[in-house]
Amino acid sequence: MKIIEVPPGWPLDESTARAVQDELRARVVLDEPGPPPGTGRVTGVDVAYDDERGLVAAAAVVLDAQTLTVIEEATAVGRVAFPYVPGLLAFREVPAVLGALASLTEAPGLIVCDGYGRAHPRRFGLASHLGVLTDLPTMGVAKNPFVFSHADPDPDRGASVPLRAPDGEEVGRALRTQDQVKPVYVSVGHRISLDHACAHTLHLASRYRLPETTRRADRLCRDALADLTR
DNA sequence: GCGACAG
DNA sequence: ATCTTGTCGC
């Protein structure tokens, strides 16, 4: 497999990266409800790293939103071009993810990311970033809380509590996808409402804590990375 | 200044 | 993210 190019101007320094986020944030669209859950397509994206070789593998898995059947899979491999810095995750992951999305032949529909959208210190997480760059509806489902505190949702599947920014705005939700299991953290990326994002998450996580999109993409990029060694 | 901090 | 065996439970 061909190694994708690092975008021109990469790597950026951290303060430039923050300035880029502040600029791109103005292009986020928040007033569209987005695709209703269970309709169209849903695409999971994820990346895996090989620190030894400085490589990153990205995967995109397109599912039929109704049946959760796999329609298409794609991967891309690139050089790691940005360190992990909390709040700047997108600069580490986005180039490889765009590479995987570019090699799809089918329309992705709604993109589900690992990480945050609006629930971000500058309201511009990975899902927001990917949304603005592709202009596709995007949302984020994270496994851990980031900077926003929250109460504990009721123990039953479907229960949620708001993730609130210091100014009181609801920037996401801690959503329980399985009874008695630690919640996931859902937030809006681009062109989708928080209600729809949560409904999609529940539909995609009918059996496991994490959405099927995330599980499939995670497995695929891991396998792609392992195949490089062989 | 110190700690916390998506993946 | 990643390093890592067995083990408890449905």
Side-chain angles (χ1 to χ4, degrees), chain A residues 10-11 14 17-18 20-21 24-25 28 44-61 75-100 111-132 138-150 157 163-166 171-175 177-190 194 197-198 201 205-211 213-226 228-229:
Chain A
W10 235 268
E14 293 186 18
R18 290 188 185 90
V20 168
Q21 290 181 325
L24 292 182
R25 188 178 49 231
V28 173
V45 295
D46 195 15
V47 303
Y49 299 96
D50 180 342
D51 290 328
E52 293 285 294
R53 308 183 179 216
L55 294 178
V56 52
V61 181
T75 59
V77 176
R79 301 233 163 252
V80 174
F82 203 89
Y84 172 66
V85 180
L88 299 179
L89 179 64
F91 295 91
R92 183 164 166 82
E93 306 211 336
V94 151
V97 170
L98 288 177
I111 296 179
V112 181
C113 304
D114 265 36
Y116 286 114
R118 268 184 83 59
H120 176 275
R122 285 171 298 282
R123 308 288 195 282
F124 197 74
L126 171 62
S128 319
H129 204 130
L130 198 58
V132 165
T138 60
M139 53 177 275
V141 179
K143 297 182 280 296
N144 300 290
F146 192 3
V147 291
F148 302 111
S149 58
H150 62 88
R157 166 175 158 87
L163 245 44
R164 293 203 183 278
V171 294
R173 277 178 207 151
L175 173 66
T177 55
Q178 296 294 320
D179 292 349
Q180 309 284 46
V181 170
K182 180 181 159 157
V184 296
Y185 303 87
V186 181
S187 60
V188 161
H190 184 61
L194 184 53
C198 288
T201 303
S206 59
R207 176 136 165 66
Y208 299 99
R209 176 187 178 229
L210 296 178
T213 39
T214 299
R215 294 167 45 80
R216 284 228 146 84
D218 181 73
R219 239 180 30 179
L220 182 57
C221 64
R222 249 181 238 259
D223 290 348
L225 203 54
L228 290 179
T229 313

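Letters A, B, ... mirror the listed sequences (proteins, then strands); counts begin at 1. When reading the values below, keep in mind they use all heavy atoms of this one structure, side chains included, and skip hydrogens, waters and symmetry mates.
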Tell me what [X] touches on the nucleic acid: a base, only sugar-phosphate, or nothing, going by heavy atoms under 4.0 Å.
X: Y49(A); answer: sugar-phosphate
X: G140(A); answer: nothing
X: A48(A); answer: sugar-phosphate
X: D46(A); answer: sugar-phosphate
X: P121(A); answer: nothing
X: L88(A); answer: base

In whole angstrom, what separates [X]'s [atom1] from [N]'s [atom2]?
X: Q178(A); N: dG9(C); atom1: CD; atom2: C1'; answer: 15 Å
X: M139(A); N: dA6(B); atom1: CE; atom2: C1'; answer: 15 Å
X: L126(A); N: dG7(B); atom1: CG; atom2: C1'; answer: 9 Å
X: R122(A); N: dC5(B); atom1: CZ; atom2: P; answer: 17 Å
X: F82(A); N: dA1(C); atom1: CZ; atom2: P; answer: 19 Å
X: H150(A); N: dA6(B); atom1: NE2; atom2: C1'; answer: 13 Å
X: Y116(A); N: dA1(C); atom1: OH; atom2: C1'; answer: 16 Å
X: H120(A); N: dA4(B); atom1: NE2; atom2: P; answer: 20 Å

Distance-only, no hydrogens or angles: does the T213(A) side chain make a donor-acceptor pair with backbone N or O of G44(A) under 3.5 Å?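 Here the side-chain-to-backbone pair does not exist.
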
Want to know the stems of DNA chain B: at least 3 consecutive Watson-Crick or G-U pairs with distances under 3.5 Å, which are they? none

In this structure, CD1 of I111(A) is separated from CG of L130(A) (nearest 0.5 Å) by 5.0 Å

Is the distance from OP1 or OP2 of [N] to the nearest side-chain N or O of [X] less than 4.0 Å?
X: K143(A); N: dG7(B); result: yes
X: N144(A); N: dG7(B); result: yes
X: Y84(A); N: dA6(B); result: yes

Any chance you could lay out the side chain to side chain contact (heavy atoms under 4.5 Å, CB included) test for F91(A) and H129(A), step after step, and finish with the verdict? CA-CA 9 Å; F91(A) 295 91; H129(A) 204 130; 3.7 Å; yes

Please name the pair of heavy atoms, one in R207(A) and one in Q178(A), separated by the smallest distance, quoted to 0.1 Å. C-NE2, 3.3 Å

Show the nearest heavy-atom pair for residues A59(A) and A100(A), with the distance to one decimal. C-CB, 4.2 Å

Can you find a pair of side-chain heavy atoms, one from R209(A) and one from T214(A), that are under 4.5 Å apart?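 SC-SC contact between R209(A) and T214(A) ruled out.
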
Are any of the side-chain heavy atoms of V77(A) and T75(A) separated by less than 4.5 Å? no

Reference residue D114(A); test salt bridge (Lys or Arg N to Asp or Glu O under 4.0 Å); the match among K143(A), R216(A), R215(A):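 Of the listed residues K143(A), R216(A), R215(A), the salt bridge (Lys or Arg N to Asp or Glu O under 4.0 Å) partner of D114(A) is K143(A).
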
Would you indicate which nucleotide in dT2(C), dC5(B), dG7(B) comes nearest to any side-chain atom of R222(A)?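 Per side-chain heavy atoms of R222(A), the pick is dT2(C).
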
